[in-house]
Amino acid sequence: MLHAEPLTIELSPYPHFVRPDTLAADDIDRFLSVWPPREAFTLEKTGNLTHSVNAAPSDPVVWREQLAGCVQELTRTTVAAFAPWLVARFGSDLTSLETITLLMEADPSYSGLPIHNHHWHSPNWVATALVYLDPVAPGYAGTVLNGYGPADDPEACAQVFARTDMWGADPDFSIDRVMDYQQGSLFAFLDGPMSYHSTLAAAPDAESGRRVLRMHIAAPWDLCEAVYGVSEAEYCALHPRGEPATDPRVLEWVRRDLAEQNEQVAMSAAAARDWARSLDIRVPLPA
């Protein structure tokens, strides 16, 4: 069920919110009790490991049945909060979403995740939502929201975006806010070309932990193909990992995306919740 009480959306450095105690304690206990063993995880970055619930060949029933319902409701809560931006962007064409679901954990070698956004590789990702699961995570923070110094200069924003995934060394990036790691808390942000974020490295006294339910909420690619005029594979090929994007279309696209990112439609909280309930939320989990 969607929460009736309104969420406070923070707009700087980009739209985001935190809702404490969003996931019920019973659900958290259930998920942690069947958490996959370390060998089921894949190394994403030094000390940061992920397990794709969507692609796993076999999982406990709890992942297939109870998790799917939780993810659907977490998705509806998230997109209801961001409805004014999503409706402005897609209008009535957005009728379904798919939530890519990952389990994430860290060990003491955790080096943190560098500054990045998702729009360069997946502009159809409309929002990212994280639920922190451990009761405590000594030595670990939650998530860092990064600001970009010339954020009021659209051309500077476009040029830095075209550097693809090479933003960590840019002195114009700063830490805007560090989210607390708090059990059951839902932290979500609107994905876009300026949604830069990162994580801090583990402290010297850290232990294995920092378990997180990570959700990437995606619109159907055909809505983006109508805008960019290329397939998903072609879009990704124009943003090569570790290299600047040189195709002039990339700058054309991001200039338009930057102009669009602050557009909103006027919606009441009730109308936003009704809109979120109307969407078909798909959570692809193994049968």
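Each residue takes its place number in the sequence, starting with 1.
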Would you say Arg210's side chain and Ala141's backbone share a donor-acceptor pair under 3.5 angstrom? yes
Is the ring centre of Trp167 less than 6.0 Å from the ring centre of Tyr148? no
If the plane angle is over 60° it's perpendicular, under 30° parallel, otherwise tilted; pick one for Tyr14 and Phe189. perpendicular
Thr128 and Asp191 side chains, donor-acceptor separation under 3.5 Å: yes
Quick check against the 3.5 Å criterion: does Asp165 have a side-chain atom that pairs as donor or acceptor with the backbone of Gly242? yes
Any donor and acceptor pair, going by atom type alone, linking the side chain of Ser109 with main-chain N or O of Thr46 inside 3.5 Å? no
Between Tyr132 and Thr143, is any side-chain donor less than 3.5 angstrom from a side-chain acceptor? yes
Strictly by modelled atom types, are Tyr196 and Asp176 linked by a side-chain donor-acceptor pair under 3.5 Å? no
Mind checking the CG-CD spacing from Asp257 to Glu252? Nearest 0.5 Å is all I need. 11.5 Å
Short side-chain to backbone donor-acceptor contact, Glu44 and Leu49, under 3.5 Å: no
Flag, side chain of Asn146 to backbone of Ser174, donor-acceptor distance under 3.5 Å: yes
What I want to check is whether the side chains of Ser122 and His216 have a donor and an acceptor closer together than 3.5 Å. no
